[in-house]
*Asks:* 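The structure that follows is given in the form of structure tokens.
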Amino acid sequence: MSGTDTAGLQPRTAQIVDATAASLVAARTPRRRLADLVLPEAVRRSCQEFLDDHHHAAALHAAGLIPRNRILLDGPPGNGKTSLAEALAKALELPFYVVRYDRLIGGNLHETLTTLGQLFAQVQQQSCVVFFDEFDTIGKERGDASDTTDVKRAVGMLLI
């Protein structure tokens with residue numbers, strides 16, 4: 001994966017071939033750039049390290065290392081998590097997919113896990129950025145010891 005944070009570069013076209021997997025995400029063309037975002041210096045530095053990993057992926061692999069490929073963004077609504085994910089996708093010149101929870105969670109655990117499996121199988125076919133926006137809408141129940149619903153189990157499987 002290579003790319004730079006340059007305004008003239010266009011990310012690759014988003015293509016999810018499987019119709020079921022395609023219905024689980026909203027494909028967006030990344031337009032925001034890291035340079036356009038107001039970020040704390042520590043966040044900017046972490047993002048740059050993440051991008052550096054991908055820009056030097058071949059050298060890392062040659063040294064037996066694997067570039068980081070996951071980021072957990074945390075914060076209150078409206079603090080820029082989606083914008084940051086979009087900017088990272090633009091910097092990496094990769095398709096940007098936002099997961100649609102209304103289509104991800106099925107009527108039972110098997111259906112949900114099958115759907116998750118289809119999503120991950122499809123996005124592993126290409127380099128892309130998959131953003132689980134507002135994950136707390138389904139993940140907030142995870143700490144409730146009395147809750148044994150299929151959604152809670154699916155969230156646990158997703159986190160693994």
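Treat the numbers as computed from the prediction; the structure is a model and nothing was measured.
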*Asks:* Could you grab the distance from atom CG of Asp53 to atom CZ of Arg68, nearest 0.5 Å is fine?
*Replies:* 4.0 Å
*Asks:* Under 3.5 Å, which donor-acceptor pairs link side chains of residues 74-85 to any protein atom two or more places apart or in another chain?
*Replies:*
unit_1: Asn79; atom_1: OD1; unit_2: Lys81; atom_2: NZ; d: 3.3
unit_1: Lys81; atom_1: NZ; unit_2: Gly75; atom_2: O; d: 2.9
unit_1: Lys81; atom_1: NZ; unit_2: Pro76; atom_2: O; d: 3.0
unit_1: Thr82; atom_1: OG1; unit_2: Asp133; atom_2: OD1; d: 3.3
unit_1: Thr82; atom_1: OG1; unit_2: Asp133; atom_2: OD2; d: 3.4
unit_1: Ser83; atom_1: OG; unit_2: Arg32; atom_2: NE; d: 3.2

*Asks:* Show me the donor-acceptor pairs within less than 3.5 Å that the side chains of residues 57-64 make with the rest of the protein, sequence neighbours left out.
*Replies:*
none

*Asks:* To the nearest 0.5 Å, tell me how far Leu94 CG sits from Gln126 CD.
*Replies:* 8.5 Å
*Asks:* List the atom of His54, the atom of Asn69, and the distance in Å for their closest heavy-atom pair.
*Replies:* NE2-CA, 4.2 Å
*Asks:* Any chance you could measure Gln48, atom CD, to His55, atom NE2, to the nearest 0.5 Å?
*Replies:* 7.5 Å
*Asks:* Tell me, with the steps shown, if Arg100 and Val25 meet side chain to side chain contact (heavy atoms under 4.5 Å, CB included).
*Replies:* CA-CA 5 Å; Arg100 299 184 56 183; Val25 296; 5.5 Å; no
*Asks:* Using modelled atom types and a 3.5 Å cut-off, is there a donor and acceptor pairing between side-chain atoms of His56 and backbone atoms of Pro67?
*Replies:* no
*Asks:* Taking only residues two or more places apart in sequence or in another chain, which ones pass side-chain contact (heavy atoms from CB on, under 4.5 Å) with Ile71?
*Replies:* Phe50, Leu73, Leu88
*Asks:* SG/Cys128 to OH/Tyr97 distance, rounded to the nearest 0.5 angstrom?
*Replies:* 5.5 Å
*Asks:* Find the distance between CG (Leu34) and NZ (Lys90) and round it off to the nearest 0.5 Å.
*Replies:* 11.0 Å
*Asks:* For side chain to side chain contact (heavy atoms under 4.5 Å, CB included), just list the numbers for Val99 and Leu24, CA-CA rounded to whole Å, side-chain angles, deciding distance to a tenth of an Å, and then say yes or no.
*Replies:* CA-CA 6 Å; Val99 174; Leu24 299 174; 5.6 Å; no
*Asks:* Would you give the length of the straight line joining atom CD of Glu93 to atom OG of Ser127, rounded to the nearest 0.5 angstrom?
*Replies:* 11.5 Å
*Asks:* Can you see which heavy atom on Arg33 is nearest to which on Ala87, and at what distance?
*Replies:* C-CB, 3.7 Å
*Asks:* What heavy-atom pair brings Pro30 and Ala89 nearest, and what distance separates the two atoms?
*Replies:* CG-CB, 3.9 Å
*Asks:* Whether the side chain of Glu86 engages the backbone of Arg31 through a donor-acceptor N/O pair (distance < 3.5 Å, no angle test) should be reported.
*Replies:* yes
